[in-house]
Structure formats: C-alpha cells, structure tokens
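Let me begin by presenting the structure, written as structure tokens, before commenting on it.
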Amino acid sequence: MRDALARREISSVYRLLRRHGVSQRQIAALTGQSQSEVSEILKGRQVMAYDVLARIAQGLGVPRGYMGLAYDEATAVRVAATAEAPQSEEDESVKRRKFLAHAAAITVGAAVFGTDSGSWASSPAQTPAPGRIGMTDVRQVEAATRALRTLDYQYGGGSCRDAVVAQLSWGQQMLGANATDLVKERLYVALADLHNLAGWTSFDTGLYDSARTHFAQALGLAKQGRKEELVANILYRMGRVYLHQNAPDDALKVFQLGQLAAQNSGSELAVGILCANEAWAYAKMGSDDQALKLLGRARDEFARANISEAPAWAKFFDANDLSAMIGTVHTELAQTVDTKYTRIAIPALSKAIGGYGEDMSRSRSFNLTSLSINHLLQGDIDHGARIGRQAIDLSEGLKSVRTKDRMRPLQVEAEKRRNNPDARELADRVARFTGNDSAA
C-alpha cells in the first residue's frame with residue numbers, strides 16, 4: 001500500500017482496499033467520490049488533480065506525506081479555491097436537487113450512515129483523538145462552537161471559518177473513540193452543530209459547495225443524535241443559501257422539509273423561524289398572500305416560544321430578528337409586488353436596527369441595506385442614500401461576501417435614480433464596494 005501511495009497509483013490503492021473487504025460504496029463515502037468514479041479508477045483511470053489526491057488522502061486517513069503531497073496554509077487555500085471553482089462538474093440546479101433528495105431521506109427517517117452520501121463524506125482529522133471520551137470532551141466542542149459562532153455574528157464568516165474547519169478536523173475523529181451511548185448521542189449533536197456553523201460560515205464567504213457539504217454532514221449527525229430541532233435549523237440555513245442564489249422554489253422546498261422537522265421537535269421557535277423564511281421565499285416569488293399568511297404564523301409561534309430555553313443555534317432569533325424578518329419580507333414585496341409595503345418595512349427594519357448591538361454587526365448591515373432600499377422606493381432619496389452609506393461603512397469592517405451580495409439590489413435602485421446626485425454617489429460607492437460596475 002505504501003508503494004502504491006508513493007507512486008500515486010490510486011487504482012492499486014483501491015484494489016488493495018477491495019481485496020481486504022472495503023466496498024466501492026465505502027470508498028466513495030470516505031473519499032467524497034461517486035461510485036462510478038471509484039469504478040473507473042479501479043479500472044485503471046489515473047488521478048492527477050492535486051485537490052482530488054488530497055481529498056482521497058484525507059478520506060482514507062493517509063498522511064499526505066505518503067503521497068508526496070506538500071501541505072501548508074497556502075496550499076489549503078488553493079485547494080479550497082479549486083474546490084469552489086465555477087467550472088463545476090454539475091450544474092447548480094442538479095446539486096440543489098441532490099441535496100434536497102438527501103435532506104428528504106434524512107428528514108423522513110431513512111438510514112443515515114452507509115448510504116451514498118455523494119460529495120459530502122466526512123474528512124478524518126490529523127490530530128490523534130483520545131481512545132475514550134466523556135461528557136467533558138463533548139462540552140469542549142460545544143464551547144468552541146459557541147465562541148466561534150459569536151465571532152461569525154460580529155465579524156462575518158471569513159473571521160472564523162478556518163478555525164471552525166480546524167475544530168471539526170479534531171472533533172470528527174472523536175466519533176471513532178469509545179464512549180457511553182449518552183456521550184455518543186450528545187457528540188453527534190455537538191458535531192452536527194459545528195458542521196452547521198461550518199456550512200453557515202462557508203456560505204457567508206461565498207463557498208457554496210463547501211456549505212452544502214457541511215450542511216449535508218450536519219443533517220446526518222443531527223439525525224443520529226435524534227435532535228429534530230437541529231435538523232430544522234440546518235434545513236433553514238441551507239434554504240437561505242438557495243434564497244441568496246435567487247432560487248426561491250428550491251429554497252421553499254427545503255424550508256418545508258425543515259418545518260416538518262420543526263413540528264416533530266415541538267419547538268415553537270423552530271417552527272416560527274421556518275415560517276418566516278418560507279414567507280421570504282413566497283415574497284421573492286411575488287406571492288404576497290402566502291407571504292403575509294406565513295409571516296402571521298411566524299409571529300404567533302414566536303409569541304408562544306420560550307427564547308430563554310432556546311439552544312445555541314436558534315438563540316439569534318429574538319424580537320429583533322423577528323422585526324428584521326418582517327421588514328425583509330415586506331422589502332421583498334415592495335420590490336416584487338407593490339411599493340405600499342415600504343410602510344410596514346421601514347418601521348420594522350428601524351426597530352431591528354435599533355435593537356442590534358455591536359455583536360450583531362452583520363445583521364445590522366443587512367437591515368440598513370434593506371432600509372435604504374425602502375427609502376429609495378418611497379422617493380426619499382437623500383435619507384435613503386445616507387442610510388446606504390451607513391450600511392457600506394459598517395460592511396467594510398466585516399469579512400462577509402454576503403453583505404456585498406445583499407447590496408446589489410440597492411445598487412439597482414440607486415442606478416434607477418442616477419439623475420439625483422445622492423443616488424448617483426451611492427450607486428458608485430456600492431459598485432466600488434461590491435466590485436460590480438454594472439447594476440444590470
């Protein structure tokens with residue numbers, strides 16, 4: 001095996017694994033390849049791409065040095081960039097369908113481990129894990145996740161994503177350690193939430209394939225930990241990725257799956273979060289009746305929820321965030337249906353902005369952007385431009401691609417009013433900040 005690895009003869013590596021009872025499906029799951037790819041390699045197809053070789057080494061738990069693969073932080077960045085390159089093997093819509101199928105299978109109770117998990121196989125760590133773990137080890141994972149989530153809220157995903165992934169590389173290996181059933185179940189949940197955060201920070205930095213990979217792994221672990229409320233939260237976050245990609249139909253399907261899990265969990269807060277986001281999806285599709293109906297249910301569920309007892313992954317959704325969602329949905333309706341919705345959007349957004357502290361800088365940025373759009377739609381260009389400048393000032397200190405992407409509609413509205421000097425200055429400044437010279 002060492003000789004085959006040194007020559008990077010992956011076909012020989014796979015044949016040796018098969019000889020010792022490892023199935024093609026298991027190899028595919030470990031290395032993040034499809035079974036057809038594994039079959040082709042077994043037939044002699046050479047593997048030349050660095051990122052694929054690195055992924056195979058990680059998946060099989062092989063030190064990269066055995067394959068002559070140098071590895072440092074710069075290399076890690078190059079590998080990540082390659083993995084996220086736009087020349088993807090699959091169309092984005094195909095990836096969304098595959099994730100939806102995976103999510104549906106898990107949500108309705110299909111087997112989690114041992115299935116063909118596509119490109120989201122786990123990556124074992126390099127740091128040795130203890131042979132036996134206890135509740136203290138799990139609490140360390142939970143504490144790290146809480147701390148890293150705080151950084152994400154305040155400074156953006158780019159401030160902590162690498163640290164989240166590094167924490168995962170150690171935490172994931174703990175799955176192979178001996179532990180009581182109670183510790184194992186809590187470990188599944190802890191690692192599911194860490195993958196959940198890895199997916200969210202990947203999304204925030206524009207790494208959509210990585211986000212999908214982490215969310216898919218999070219789903220499986222959350223199901224193993226029998227935590228339906230976390231399953232719902234993961235699906236809410238994946239749906240947000242699709243909303244961001246302007247695919248509200250697919251987002252709505254994921255949100256609806258999430259709502260099933262939320263209802264099974266008995267958590268009013270989880271149901272409320274999903275309803276609010278379904279409302280956003282309907283608003284993007286121009287369906288104001290459905291959007292307002294679901295927004296009303298979100299309010300009702302939130303009123304019944306006990307926020308003080310909410311788990312870490314859902315604690316963000318407080319009265320401020322509910323106001324933000326009301327404002328966001330009405331902002332979307334103001335753009336897709338009728339500008340009359342600005343009358344509700346503006347006070348709701350203003351309330352949310354006033355309630356957010358410095359620990360929620362990214363959320364404040366999003367809401368300032370939406371508030372600016374509403375004032376432009378109302379014809380209050382001077383005020384809208386001033387708020388838009390505040391949004392940019394705040395966003396410049398964040399490591400978040402999403403803040404830039406969320407400003408593109410603001411640029412469009414400012415460009416429409418380019419005859420006004422304030423609107424023109426705002427449009428030009430947004431263009432410089434986002435790197436988008438055209439609002440088309």
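Predicted model only: the values in this text are computed from it and were never measured.
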Are any side-chain N or O atoms of Thr336 and backbone N or O atoms of Ala283, one a donor and one an acceptor, separated by less than 3.5 Å? yes
Practice item. Count the heavy atoms belonging to other residues, nucleotides or ligands that lie under 6.0 Å from CG of Asn178, then report whether that count exceeds 12. Key: yes
So side-chain hydrogen bond (donor to acceptor under 3.5 Å, both in side chains) across residues 150-159, not counting sequence neighbours, yields Asp152-Arg362
Would you say that more than 12 heavy atoms from the other residues, nucleotides or ligands in this model lie under 6.0 Å from the CZ of Arg226, or not?
no
Item to complete: Would you indicate whether Lys293, at its atom NZ, is surrounded by more than 12 heavy atoms from other residues, nucleotides or ligands within a distance under 6.0 Å?
Response: no
Checklist entry - Any salt bridge between Arg408 and Asp405, counting N to O under 4.0 Å? => result yes
Any donor-acceptor N or O pair under 3.5 Å, side chains Thr31, Arg55 | no
SB check Asp209 Arg212 (cutoff 4.0 Å)
yes
query: Is there a donor-acceptor pair closer than 3.5 Å between any side-chain N or O of Asn374 and the backbone N or O of Ser370?
result: yes
One thing to verify: whether Arg429 and Asp393 come together as a salt bridge, which I'm taking to mean a side-chain N less than 4.0 angstrom from a carboxylate O. yes
Quiz item: Does Arg406 make a cation-pi contact with Phe366, if we ask for NZ or CZ under 6.0 Å from the ring centre and within 45° of the axis?
Solution: yes
Handout entry: Cation-pi, Tyr188 ring and Lys227 (6.0 angstrom, 45 degrees)
Key = no
Query raised in the report: Could Lys223 and Glu228 be called an ion pair, given the rule that one side-chain N must be under 4.0 Å from one carboxylate O?
Result: yes
Result for side-chain contact (heavy atoms from CB on, under 4.5 Å) between Asp193 and one of Ile234, Thr145, Val141, Leu221 points to Thr145
| task | Compute whether any side-chain donor of one residue and acceptor of the other, for His383 and Gln378, lie under 3.5 angstrom apart. | result | no
Practice prompt. Give a yes or no on whether Asn306 atom CG has more than 12 heavy-atom contacts from other residues, nucleotides or ligands under 6.0 Å away.
Written response: yes
Distance-only, no hydrogens or angles: does the Lys315 side chain make a donor-acceptor pair with backbone N or O of Ala310 under 3.5 Å? yes
Q. Cation-pi between Arg402 and Trp200: NZ/CZ under 6.0 Å from ring centre and within 45° of the ring axis?
A. yes
Query raised in the report: Would you say Lys184 has more than 12 foreign heavy atoms packed within less than 6.0 Å of its NZ?
Result: yes
ask   = How about Glu396: does its CD atom have over 12 heavy atoms from other parts shown lying under 6.0 Å from it?
value = yes
- Query: Any side-chain donor-acceptor pair under 3.5 Å between Ser365 and Ser395?
  - Reply: yes
Query raised in the report: Does a donor on one side chain sit under 3.5 Å from an acceptor on the other, for Asp249 and Tyr242?
Result: no
Are Asp289 and Tyr282 close enough that a side-chain donor and a side-chain acceptor fall under 3.5 Å?
no
Between the side chains of Ser267 and Ser265, does any donor sit under 3.5 Å from an acceptor? no
Exercise. Give a yes or no on whether Arg418 atom CZ has more than 12 heavy-atom contacts from other residues, nucleotides or ligands under 6.0 Å away.
Key: yes
The single option from Ile381, Leu349, Ile346 that satisfies side-chain contact (heavy atoms from CB on, under 4.5 Å) with His375 is Ile346
task: Please confirm whether the backbone N or O of Ala198 pairs with a side-chain atom of Ser202, one donor and one acceptor, at under 3.5 Å?
output: yes
Taking the six-membered ring for Trp, is the centroid-to-centroid distance between His244 and Phe203 below 6.0 Å? yes
*Is a salt bridge present between Arg424 and Glu415, judged by a nitrogen-to-oxygen distance below 4.0 Å?*
no
